[in-house]
Chemist: 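The structure follows.
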Amino acid sequence: METPDVRHSPHCSQNASAPAPPAAHEKERPLTVAAVAADDAGTVQNEVWSDAALSAWGKTDRFTGQWFPVVHHLTDSAAMAEELFDHYLPPAARTMLSDLAGVSVQEVRSLAAFLAGVHDIGKITPQFASQVSQTFPTVLAAMKRHGLDASRPYPARIPHATLSQVIVQDWLQTEYAADPRTAATYACIAGGHHGRNPSKLSIVQARNSPGALGSGTWIEVRQEVLQKMSARTGAAQVWPMLVSRRLPPSAQSVLTGLVIMADWMASNTDYFPYDGPLSTPRRLAQATALLDLPQPWRAHLESTDATTLLHQRFPQLAPWPARGVQRSLVESAQAARSAPIFIVEAPMGVGKTEGALLAAEVLASRFGQGGVFLGLPTMATANPMFTRTMRWLDNALGEEASVALTHGKAALNDEYDSLLRASWHGDIHDGHDPAESRAVVNMWLRGAKRAGLSSFVIGTIDQALFAALKAKHVALRHLGLAGKVVIVDEVHSADAYMREYLHRLLTWLASWHVPVIVMSATLPPAQREGFITAYARGVGDLHPALPDAGDSYPRVTLYDGDTHDIPVSAEEGSALVSLERMGDDPALIVDRLSALLAKGGCAGVVCNTVRRAQEVFDALHGSVPDDELILIHSRFLAPERLAREADLVRKLGNTKDVQRPSRLIVVGTQVLEQSLDIDFDVLISDLAPIDLLLQRVGRLHRHHRASRPELLREPLLLVRGVTDWESTPPSLARSTTAIYGASSTLRAAAVLNEQISITLPDDIAPLVRRGYDPDLPPPAGWEDRWRAAEQAAANALAVKRQRAQAYLLPAPHAVSSLDGWIDVDGGDPDRAEREGHAQVRDSEDSLEVIVVDRVGDELRMPLCSAFPGTVIPQGQMWGTGQDARYARALAACTLRLPQELCREGMVGSLIEALEGMVDASGWQQSPWLRGQLFLPLDDHGNVAIGLPRGGPGHTELYLLHYDSVRGLTAEKARDH
DNA sequence: AACAAAAAAAAA
Ligand SMILES: [Fe+3]
Ligand SMILES: [Fe+3]
């Protein structure tokens with residue numbers, strides 16, 4: 001906290017009895033003066049500055065009564081920026097900044113240090129200084145004695161960062177005759193140091209506030225700071241070159257990120273104490289020792305051969321040679337002319353991830369990146385990827401490097417948690433052999449906005465997309481990504497809304513020369529082209545050559561200024577999947593499966609909704625033994641869903657110790673289509689968009705198995721979810737069109753129309769291409785429905801894209817400076833962030849709750865938790881200290897409520913109802929439980945929720961039931 | 001009226 005305003009201090013509400021601040025005459029002596037040590041080497045800061053400059057306060061601490069001169073904070077920040085430039089930024093980021101600024105690396109370093117060295121110069125103004133007139137009157141009196149009169153209060157509060165921008169900008173204009181627009185491209189970096197750049201209008205307003213800025217000595221002291229910082233950092237020699245050209249926005253944002261990082265560090269009194277050593281080198285040495293930031297990663301490869309590399313990094317894969325995709329990736333990474341984007345389309349299980357990590361090493365060693373960002377669509381896939389990446393790092397790292405797992409529930413991941421705890425205590429983490437692991441979590445690189453600044457960041461793709469979102473501190477996201485190789489996996493799962501953000505991200509990444517590897521199942525050609533076009537835009541190429549339109553799969557496409565179709569040697573044999581249509585009555589499944597599984601076998605049934613899955617399950621329940629039937633969907637408690645998925649992989653996976661049962665039916669929803677590496681002998685699926693249907697088919701005879709049951713030797717796909725196959729066009733189940741829209745589902749039906757088989761993998765690319773081809777003609781007799789569906793889809797797409805624009809960060813080429821770049825038309829970003837309007841996913845309201853068991857008057861931890869049955873105290877403080885582990889285990893017991901309860905306009909009353917059911921007031925101190933909602937289930941797994949609907953006094957009662965077999969069900973009781 | 005899965009949220 002920079003101002004002594006303590007209204008927002010977390011301590012103040014409960015701190016009525018806190019000791020009063022020391023008496024005014026005692027507390028306002030800068031302790032630094034007394035701390036000059038005789039052997040202090042280097043520049044003693046006080047000798048540099050005039051007494052007037054030293055009298056200006058920059059920070060105050062109301063609790064200790066100490067204050068700190070702003071010129072010292074600025075000197076600390078400049079020194080920290082130099083340190084970060086030299087030892088935190090990877091070579092790629094340094095040369096990128098130098099390229100963009102049009103000066104040498106050394107010169108752009110001077111620019112960075114200068115900007116950090118003046119970021120708070122707006123504090124040397126009457127308007128800022130006057131804030132402490134009540135709390136630190138003698139500081140103001142001393143300032144006044146030095147000619148800095150701040151005794152008049154300024155109620156109109158212009159943020160000091162805005163004042164900094166005005167001051168720096170005007171100085172560049174008068175001192176170096178910079179034109180205003182050019183000056184703004186540099187000055188906005190000071191203006192944005194609080195995470196939000198002032199708008200052009202507010203800058204004009206600030207400039208026209210002479211009272212706020214002050215005159216006379218105020219101007220002289222600021223001039224002194226600007227000149228001495230310029231001289232100290234070497235910027236004085238660089239400005240004449242810089243002012244002749246505008247700094248590109250891509251450099252503005254990364255430098256802003258660097259200034260913010262330096263400021264945060266310099267503002268931490270553990271690292272830069274008010275009363276610590278006075279000489280800057282000593283202060284910096286103390287801070288860097290305490291920070292202990294690992295250096296950026298330096299990739300060093302011992303071989304150029306893909307197979308050799310593969311075996312060095314992934315010894316468990318020896319002695320098998322590198323696979324086709326891996327070789328293509330490694331070899332084309334070696335050949336790329338400049339930082340490239342790869343688009344890798346291949347099924348799971350061909351070693352894409354390993355190939356991408358090896359390619360990242362090749363790219364980083366060639367282009368100087370210092371880390372890798374690896375993004376996945378879900379937390380559930382990011383977690384195992386974190387573990388895999390850690391094992392790669394065991395073999396890839398020569399020195400210590402920082403790692404982070406970044407997603408909303410990262411702290412619930414045990415491996416990351418142990419690394420986090422090790423960073424606290426400074427001791428080595430348990431679990432994995434620490435001697436082998438040079439990957440560490442750095443203490444400073446924790447928290448939502450800092451973790452992404454680590455060298456190796458594994459997280460949800462959202463964490464990268466935030467770099468394209470209008471949100472506070474987006475420049476820190478830019479700093480985090482600008483020196484890395486960026487890999488995003490399973491990109492096919494992104495919808496049109498997310499793709500808007502992904503495109504914008506790619507444009508920014510390209511502008512920093514960041515190598516990108518996009519991995520996906522088959523993409524419609526328009527999507528492939530969209531990624532290349534967005535990336536090319538970032539390097540100023542408006543008309544990149546488009547990739548070959550032919551149907552190949554797997555395929556690797558590369559753009560490095562030119563577009564290349566990289567050959568991938570095919571290795572899999574092809575398979576002919578028989579395709580049959582069946583009716584929608586669940587009873588038909590019972591009959592069909594009992595016949596098909598007569599000689600044993602494992603069947604998967606994928607339904608488009610939870611309700612349909614539960615219906616199929618119920619139909620099978622009577623005739624199939626319990627241990628041969630599994631239901632899986634997302635409406636299970638998270639630990640139970642995890643256990644279920646682990647069970648499926650144990651039974652149907654591809655591991656050495658797989659225990660495949662002789663007979664099994666798995667009924668589920670789309671959770672079966674996502675990233676589970678399991679194999680069915682026969683598959684039944686609801687009709688779905690063709691790409692999704694093919695994802696599901698990917699689970700059919702997925703692994704090479706020595707033998708399959710006699711009746712299931714050839715892969716068979718049965719498609720249902722259509723109420724009438726005979727009508728023209730087929731009439732789709734309503735729930736299916738509600739989820740996917742009529743167009744994409746109808747298109748799937750069209751491309752499969754009259755087909756009786758699918759050849760894998762050859763048919764995949766053409767089916768997906770045709771399924772999304774705008775010119776696909778409807779089959780005869782489908783025209784009317786088709787037209788209506790196409791129109792509805794076009795409208796929905798336009799709405800989605802439109803919605804995405806609201807919080808989409810402008811592209812680097814679309815702005816001159818960062819002035820107002822995260823401002824939202826008619827809104828303020830603080831509010832947008834607080835209320836969660838700014839999103840990278842387009843989603844309707846939905847609610848996740850933590851489940852507790854209610855037994856009599858007691859609340860207990862759920863049976864699936866790590867502490868089953870443990871009593872949870874109510875109405876008293878709980879969840880911190882010794883209880884934190886219980887709170888953490890409880891926080892893992894989440895359950896998503898059905899959409900039926902989260903309808904438009906219902907969520908508010910639902911939250912209210914839930915808050916009334918469990919007294920969680922005593923748990924709010926726990927970071928695990930703070931702000932969460934709780935659902936108490938009685939010992940039958942039941943809970944009733946009443947929601948006001950319609951008129952006053954009118955209530956709808958929903959009966960929820962949870963059991964470990966069917967998951968959560970909701971039904972509406974009769975009105976009462 | 002009812003329809004998957006998925007993510008997220010502290011600074012200087
Ligand atoms: Fe500041
Ligand atoms: Fe600051």
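Fair warning: this is a prediction, and the values are worked out from it, not measured in the lab. Residue numbering restarts at 1 for every chain, and letters A, B, ... go by the order of the sequence lines.
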Chemist: What is the distance from CE of A:M261 to P of B:dA11, rounded to the nearest Å?
Modeler: 16 Å
Chemist: Given B:dC3, B:dA9, B:dA5, which nucleotide is nearest the side-chain atoms of A:I739?
Modeler: B:dC3
Chemist: Indicate, with a heavy-atom threshold strictly under 4.0 Å, whether A:F466 touches base, sugar-phosphate, or nothing.
Modeler: sugar-phosphate
Chemist: Looking for any heavy atom pair under 4.0 Å, which part of the strands does A:E673 touch: base, sugar-phosphate only, or nothing?
Modeler: nothing
Chemist: Tell me whether the OP1 or OP2 atom of B:dA11 has a side-chain N or O from A:R196 closer than 4.0 Å.
Modeler: no
Chemist: Nearest to the side chain of A:W264, heavy atoms from C-beta on, is which of B:dA5, B:dA11, B:dA4?
Modeler: B:dA11
Chemist: Can you tell me the distance, in whole Å, between the CZ atom of A:R896 and the C1' atom of B:dA6?
Modeler: 7 Å
Chemist: Does OP1 or OP2 of B:dA8 have a side-chain N or O of A:T460 closer than 4.0 Å?
Modeler: yes
Chemist: Just compare B:dA6, B:dA9, B:dA11 and give me whichever is closest to any side-chain atom of A:R450.
Modeler: B:dA11
Chemist: Between A:V457 and A:Q463, is there a side-chain heavy-atom distance shorter than 4.5 Å?
Modeler: no
Chemist: For A:R734, answer base if it contacts any base atom (sugar-phosphate contacts may also be present), sugar-phosphate if it contacts only those atoms, and nothing otherwise; contact means non-hydrogen atoms under 4.0 Å.
Modeler: nothing
Chemist: Is any side-chain N or O of A:K449 closer than 4.0 Å to OP1 or OP2 of B:dA11?
Modeler: yes
Chemist: Measure from NZ or CZ of A:R966 to the centre of the six-membered ring of A:F617 and say whether it is under 6.0 Å with the direction within 45° of the ring axis.
Modeler: no
Chemist: Between A:T269 and A:D842, just flag the one whose closest nucleotide in DNA chain B comes earlier from the 5' side.
Modeler: A:D842
Chemist: Which listed nucleotide (B:dA4, B:dA9, B:dA7) is nearest to the side chain of A:R635?
Modeler: B:dA4
Chemist: Give a yes/no on whether any side-chain N or O of A:H473 is located under 4.0 angstrom from OP1 or OP2 of B:dA10.
Modeler: no
Chemist: For the residue pair A:H407 / A:N413, report whether a side-chain donor-acceptor contact shorter than 3.5 Å exists.
Modeler: no
Chemist: Pick base, sugar-phosphate or nothing for A:V610, based on heavy-atom distances below 4.0 Å to the nucleic acid.
Modeler: sugar-phosphate
Chemist: Contact class for A:R930 (heavy atom, under 4.0 Å): base, sugar-phosphate, or nothing?
Modeler: nothing
Chemist: Considering just the side-chain nitrogens and oxygens of A:H194, establish if one lies under 4.0 Å of OP1 or OP2 belonging to B:dA12.
Modeler: yes
Chemist: Measure from the side chain of A:A738, starting at C-beta and using heavy atoms only, and say which of B:dA7, B:dA2, B:dC3 lies closest.
Modeler: B:dC3
Chemist: Side chain of A:T609: nearest nucleotide among B:dA4, B:dA7, B:dA10?
Modeler: B:dA4
Chemist: Looking only at N and O atoms, is any donor in the side chain of A:R841 or the base of B:dA7 less than 3.5 Å from an acceptor on the other one?
Modeler: no
Chemist: Mark yes or no for a side-chain to base donor-acceptor pair under 3.5 Å between A:S267 and B:dA11, with no hydrogen or angle criteria applied.
Modeler: no
Chemist: With a 4.5 Å limit on heavy-atom distance, are the side chains of A:R612 and A:D584 in contact?
Modeler: yes
Chemist: Decide ring-ring contact (aromatic ring centres under 6.0 Å, His included) for A:H473 and A:H194; before the verdict, give the C-alpha distance in whole Å, the side-chain angles of both, and the deciding distance to 0.1 Å.
Modeler: CA-CA 7 Å; A:H473 298 110; A:H194 280 260; 8.2 Å; no
Chemist: Base, sugar-phosphate alone, or nothing: which one does A:M379 contact when heavy atoms must sit under 4.0 Å apart?
Modeler: sugar-phosphate
Chemist: Quick one: A:K972 NZ to B:dA2 C1', roughly how many Å, whole number?
Modeler: 10 Å
Chemist: Using a cut-off of 4.0 Å on non-hydrogen atoms, how would the nucleic acid contact of A:T736 be classed: base, sugar-phosphate, or nothing?
Modeler: nothing
Chemist: Honestly, is A:R930 close enough over A:W923, meaning NZ or CZ under 6.0 Å from the six-membered ring centre and within 45° of the axis?
Modeler: no
Chemist: With respect to the phosphate group of B:dA4, does any side-chain polar atom (N or O) of A:Q674 fall under 4.0 Å of OP1 or OP2?
Modeler: no
Chemist: If we ignore hydrogens and angles and just use 3.5 Å, is the side chain of A:R747 paired with the main-chain N or O of A:P689 as donor and acceptor?
Modeler: no
Chemist: Side-chain N or O of A:S843 less than 4.0 angstrom from OP1 or OP2 on B:dA7?
Modeler: no
Chemist: Taking the side chain of A:Q670 as heavy atoms from C-beta outward, which of B:dA12, B:dA5, B:dA10 is closest to it?
Modeler: B:dA5
